[in-house]
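Chain letters run A, B, ... following the sequence lines, proteins first and then strands; every chain starts at 1.
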Amino acid sequence: MERVRERNHRIKIPNRASPGGAPEHQPRHSARPSGADLLFRFIPGVALVPRFHPRLISAAPPAHGWACQKLRCARPIAHDHSALAKRHSPIILPPLFHTMYRSVSCNSLRKEHIGQTVTLAGWVNSRRDQGGVIFVDLRDREGVTQIVFRSEENKEATDASHKLRGEDVIQVTGKVSARLAGTENPKLATGEIEIVAAELRVLNKAEVPPFPLDDPKVNEDLRMEYRYLDLRTALMQRNLKLRHRVVKATRDYLDEAGFLEIETPILSNPTPEGARDFLVPSRLNPGTFYALPQAPQQYKQLLQVAGLEKYFQIARCFRDEDLRADRQPEFTQIDIEASFVVENDIQTLVEGLLARIFKESAGVEIPTPFPRMPYSEAMGRFGSDKPDTRFGLELVDLTDVFTASQFKVFASVAQGGGVIKAINAKGAAALLSKEQLKKWEEWVKTECGAKGLAYVKWSEGGEWESPIVKFFSDAEKTALAGRMGFQAGDVLFFGADAKLEPVCEILGRVRLRCADLLGLIKANASKLNFLWVVDFPLLAFSPEDNHWVAVHHPFTRPKADDMAALHAGEYARVRAVAYDVVLNGVELGGGSIRIHERELQAKMFEVLGVNAEEQQVKFGHILKAFSFGAPPHGGLALGLDRLVMLIAGAESIREVIAFPKNNRGCDLMTHSPVEVDFKQLREVYISSTAKKS
RNA sequence: GGAGUCUUAGCUCAAUCGGUUAGAGCGCCGCCCUGUCACGGCGGAGGUUGCGGGUUCGAGCCCCGUAGACUCCGCCA
């Protein structure tokens with residue numbers, strides 16, 4: 001059962017490539033060797049020595065010398081722009097795959113390289129042992145190359161190759177050869193060639209992997225336990241490469257736009273509102289705690305007060321809340337803030353950023369500017385503040401139709417100032433039986449908190465089927481059919497409530513479920529519908545706390561047009577200069593223009609019921625900062641994980657994070673989090689109240 | 001905090017109504033094979049059916065509890 005394999009297996013083979021066999025260094029300062037050169041010479045049987053030592057290529061110091069020490073202690077030199085410019089003189093880096101172990105990658109050889117002698121290193125992807133001839137697919141980060149071992153060409157290496165197993169790490173030297181006519185493999189980029197092995201060196205034997213690496217059906221918890229194996233798959237490597245491209249495009253774009261990447265503290269303070277904080281006890285200050293940042297919100301605003309003007313950061317953020325497929329306890333934001341900007345400046349910047357990201361990571365051109373849609377319209381038409389506009393099924397208002405209805409439920413809602421809306425699931429009648437409709441009603445009740453889900457089903461060649469249609473007058477039916485475009489084969493779903501939001505939200509979810517049922521999401525999978533949702537409400541009334549709370553955060557700027565409403569106390573009507581960027585029904589990010597005036601901020605705190613004392617305790621430092629000349633400023637943060645997930649076409653952000661946590665916040669590979677011993681807790685003045693089972 | 005789905009060989013799954021010794025494919029191990037690329041052929045090993053309890057003549061299957069994984073609600077911008 002347990003298969004013990006030979007380790008550190010090494011085959012010593014006399015080298016044919018360098019008959020003289022003498023080790024030699026030939027340092028050259030010229031350009032890289034051309035592909036036609038033999039890149040490596042070998043000490044027979046043991047080590048590989050490159051003819052061009054990587055370090056020697058760029059060993060000469062730049063003209064101004066390695067001036068790190070000088071720059072650090074002599075401050076004025078930092079302003080010597082000519083000196084800085086010289087530091088940007090090109091440094092020739094060694095080519096990645098030209099190392100002591102290998103001369104080329106497993107995805108670099110083509111027909112035109114036939115005849116060259118190369119050295120490859122990587123993992124045994126698969127092995128096909130024909131007895132006298134053995135094929136090994138050698139895999140590295142870049143791709144796969146077929147190695148062929150022929151007993152008549154090199155018996156020793158061929159004999160050794162019989163023992164190779166999947167995931168063994170090997171190094172092979174051989175000649176690039178054309179495959180025999182008819183045996184080319186069009187599925188491989190390197191499928192026209194193969195390496196006829198002259199030498200095989202086993203760098204490390206591998207145990208049998210606990211699961212087949214290329215099987216996408218394997219349990220996620222098993223893949224997480226052996227994440228380093230899971231990450232060897234082409235899919236995961238593609239995702240991580242994609243993530244790198246997105247981050248690189250972001251840095252390039254924002255750098256070119258004059259933004260400075262500035263780090264902010266990870267050990268910071270608890271946030272007065274919002275999500276639960278991760279706490280870190282301070283050993284040096286008994287009984288006190290840091291918190292990990294939920295976002296660098298206050299720091300990025302303070303950087304504006306500091307006059308840095310344009311800031312960004314690929315920022316790790318932490319929130320101790322329950323997890324979902326698109327939520328991790330630690331996640332990454334592209335965090336942006338700038339001074340002397342209005343809403344449209346930030347939006348234009350971010351449109352350009354997303355265009356650059358999609359172009360460089362996915363090769364897709366996306367049209368800008370994105371459409372702008374007020375929050376009220378998004379809720380009214382799509383039942384969501386992040387509408388998926390790739391398909392219709394829009395919400396239609398029917399309140400006026402039912403004001404005098406015999407159907408008491410609708411009539412009382414309509415007369416009492418409530419709202420009745422409906423959506424038409426075109427062509428869903430054939431897909432929804434009575435039993436399924438009952439299940440939908442149950443789903444709406446349990447998961448959406450609705451009282452029920454009224455529907456009318458019109459099967460092809462049938463009558464209107466519905467528990468409520470008997471109450472409708474002919475005039476109501478006519479109005480309904482006309483306004484909804486109701487035809488045979490369709491199903492109508494109704495939402496009715498005293499308040500607008502719950503009706504929209506419930507129908508918004510029914511809409512998405514209908515779209516899924518009707519295959520509209522799959523059919524529109526290739527579309528990229530970006531849009532800005534703007535004019536969010538500034539405040540929301542919290543029944544639990546019995547006062548108004550900030551929808552975004554307390555520094556969000558009210559719209560100039562609604563300032564009168566704010567001062568008149570009509571808080572529900574006040575809109576914020578806040579905006580979310582949405583792609584295909586997923587919120588990519590959001591931001592706002594902030595309040596920079598002291599009086600307006602005071603007014604906001606008054607509305608939020610935060611008294612002077614609380615202001616000092618919770619926001620003292622930032623209010624003090626604002627008193628010293630804060631510029632008008634605003635910004636936005638994009639969820640990097642979600643963004644990469646969408647570009648990668650992944651279903652969970654865990655697929656685009658190298659080492660994610662599961663839905664209980666545990667890392668199944670390292671078993672984090674772990675218990676710590678009493679001594680360690682005592683040092684930070686903590687005692688645990690957790691019950692041990 | 002709540003709801004749902006799942007847990008059978010290393011992996012993916014099957015096992016009729018509760019009924020004989022729990023099967024298959026892949027993988028693994030051994031032997032054979034000189035043009036394979038999902039290689040092929042022959043042979044073999046591999047199981048506390050997550051765990052604990054109950055019902056029953058008899059439980060992988062039914063019931064209760066428990067652990068773990070995933071999805072969703074609450075929560076979270």
Side-chain angles (χ1 to χ4, degrees), chain A residues 1-5 125-138 144-153 158 162 165-167 177 179-188 190-191 194 196 207-226 229 271 273-277 294-295 297 317-329 331 333 385-386 439 442-449 509 513 533 536 550-553 556 578-582 586-592 636-639 642 651-652 654 662-664 666 668 693:
Chain A
M1 170 170 164
E2 191 183 338
R3 192 164 67 83
V4 180
R5 292 238 199 115
N125 203 46
S126 65
R127 167 195 51 117
R128 294 173 294 280
D129 191 336
Q130 304 283 121
V133 57
I134 294 98
F135 298 97
V136 167
D137 283 348
L138 186 64
V144 170
T145 298
Q146 175 166 285
I147 313 293
V148 55
F149 292 89
R150 289 205 193 100
S151 44
E152 73 274 16
E153 302 247 349
T158 305
H162 288 295
R165 294 293 182 274
E167 302 309 312
S177 310
R179 291 201 184 185
L180 299 186
T183 65
E184 299 87 353
N185 186 350
K187 287 184 222 159
L188 282 183
T190 57
E194 62 193 0
V196 181
E207 295 290 341
V208 177
F211 58 91
L213 300 191
D214 52 0
D215 184 352
K217 284 185 297 187
V218 173
N219 266 341
E220 198 179 7
D221 52 332
L222 193 68
R223 292 172 46 207
M224 288 300 165
E225 186 182 346
Y226 298 94
L229 297 181
T271 319
E273 33 197 62
R276 205 171 286 118
D277 289 304
Q294 295 181 22
Q297 185 60 39
C317 306
F318 306 86
R319 288 173 195 166
D320 188 9
E321 293 292 348
D322 287 6
L323 306 174
R324 293 282 189 281
D326 62 351
R327 266 193 249 159
Q328 284 274 301
F331 60 99
Q333 285 187 345
D385 61 355
K386 41 180 196 291
K439 273 187 190 166
E442 198 53 39
W443 164 73
V444 162
K445 280 184 189 167
T446 54
E447 292 199 13
C448 314
R509 293 181 61 167
R513 194 161 171 178
V533 176
F536 276 82
V551 170
H552 197 62
H553 61 68
T556 305
Y579 33 80
D580 279 2
V581 60
V582 174
V586 177
E587 181 193 330
L588 287 183
S592 64
L636 165 142
L638 294 169
R642 276 185 199 175
E651 294 196 341
S652 157
R654 291 189 296 268
N662 73 3
N663 65 0
R664 295 176 62 182
C666 300
L668 296 175
S693 52

- Message: Determine whether a donor-acceptor pair (N or O, by modelled atom type, separation under 3.5 Å) exists between the side chain of T190(A) and the backbone of Q146(A).
- Response: no
- Task: Look at all strands and tell whether R642(A) reaches a base, only sugar-phosphate, or nothing, counting heavy atoms closer than 4.0 Å.
- Result: nothing
Please tabulate the protein-to-nucleotide N/O contacts below 3.5 Å involving nucleotides 48-51 of chain B, giving atom names and distances.
none

- With rounding to whole Å, what would you report as the distance between rG23(B) and rG44(B) at their P atoms? 15 Å
- Query: What nucleic acid atoms does D320(A) come within less than 4.0 Å of, heavy atoms only: base, sugar-phosphate, or nothing?
  - Reply: nothing
- Message: Considering every strand and a 4.0 Å limit on heavy-atom distances, what is the contact class for G639(A): base, sugar-phosphate, or nothing?
- Response: nothing
- Scanning all shown strands, the Watson-Crick or wobble mate of rU66(B) with both distances under 3.5 Å is rG50(B)
- With sequence neighbours left out, write down each residue that passes salt bridge (Lys or Arg N to Asp or Glu O under 4.0 Å) with E184(A), or none if nothing qualifies. none
- Sugar-phosphate only, base, or nothing, as touched by Q146(A) at under 4.0 Å among non-hydrogen atoms: base
- Query: Base, sugar-phosphate alone, or nothing: which one does S126(A) contact when heavy atoms must sit under 4.0 Å apart?
  - Reply: nothing
- Message: Please report the distance separating the C1' of rG68(B) from the corresponding atom of rG58(B), rounded so that it comes out in whole Å.
- Response: 30 Å
- Nearest-Å distance once atom C1' is located in both rG10(B) and rG46(B): 9 Å
- 5' precedence on RNA chain B between F536(A) and R664(A) (nearest-nucleotide basis): R664(A)
- Query: Would you say rA69(B) has OP1 or OP2 under 4.0 Å from some side-chain N or O of N219(A)?
  - Reply: no
- Base, sugar-phosphate alone, or nothing: which one does R327(A) contact when heavy atoms must sit under 4.0 Å apart? base
- Would you mind classifying the nucleic acid contact of R324(A) as base, sugar-phosphate or nothing, using non-hydrogen atoms under 4.0 angstrom? base
- Message: What's D580(A) touching, base or sugar-phosphate or nothing? Going by heavy atoms closer than 4.0 Å.
- Response: nothing
- Message: Looking at K386(A), I'd like to know whether one of its side-chain N or O atoms comes within less than 4.0 Å of OP1 or OP2 on rA77(B).
- Response: no
- Item | base_contact_polar (rC37(B) base, N185(A) side chain, donor-acceptor, <3.5 Å) | yes
- Message: Using heavy-atom distances to pick each residue's nearest nucleotide on RNA chain B, tell me which of L668(A) and R319(A) is more 5'.
- Response: L668(A)
- Report yes or no: is there a donor-acceptor pair, N or O only, under 3.5 Å between the side chain of R509(A) and the base of rC73(B)? no
- Rounded distance in Å between the P positions of rA9(B) and rA15(B): 15 Å
- Message: What's the gap between rG74(B) and rA3(B) when it is taken at their C1' atoms, as a whole Å value?
- Response: 11 Å
- Distance between the P atoms of rG47(B) and rG65(B), in whole angstroms? 32 Å
- Can you tell me, in whole Å, how much space there is between the P of rA22(B) and that of rA59(B)? 14 Å
- Item | Sugar-phosphate, base or nothing in reach of A325(A), heavy atoms under 4.0 Å | sugar-phosphate
- Closest to the D137(A) side chain, choosing from rC37(B), rG27(B), rA77(B): rC37(B)
- Take atom C1' in rC62(B) and the same atom in rU56(B), then report the distance between them in whole Å. 10 Å
- Could you check whether E194(A) gets within reach of a base, just the sugar-phosphate, or nothing at all, counting any heavy atom under 4.0 Å? base
- Query: Do you know the tightest heavy-atom contact between Q294(A) and R319(A)?
  - Reply: O-NH2, 3.0 Å
- Query: What are the two closest non-hydrogen atoms of V133(A) and R150(A), and how far apart are they?
  - Reply: CG2-CG, 4.3 Å
- Run the salt-bridge test on R327(A) and D322(A) with the 4.0 Å N-O cut-off and return the result as yes or no. no
- Ring centroids of F211(A) and rC11(B) base under 5.5 Å with planes under 30°: no
- Residues in side-chain hydrogen bond (donor to acceptor under 3.5 Å, both in side chains) with R223(A), at least two apart? D230(A), E655(A)
- Task: Write down the partner of rA3(B) under the Watson-Crick or G-U wobble criteria, each distance required to be under 3.5 Å.
- Result: rU71(B)
- Message: Under 3.5 Å for both donor-acceptor distances, Watson-Crick or wobble: does rU34(B) have a partner, and if so which one?
- Response: none
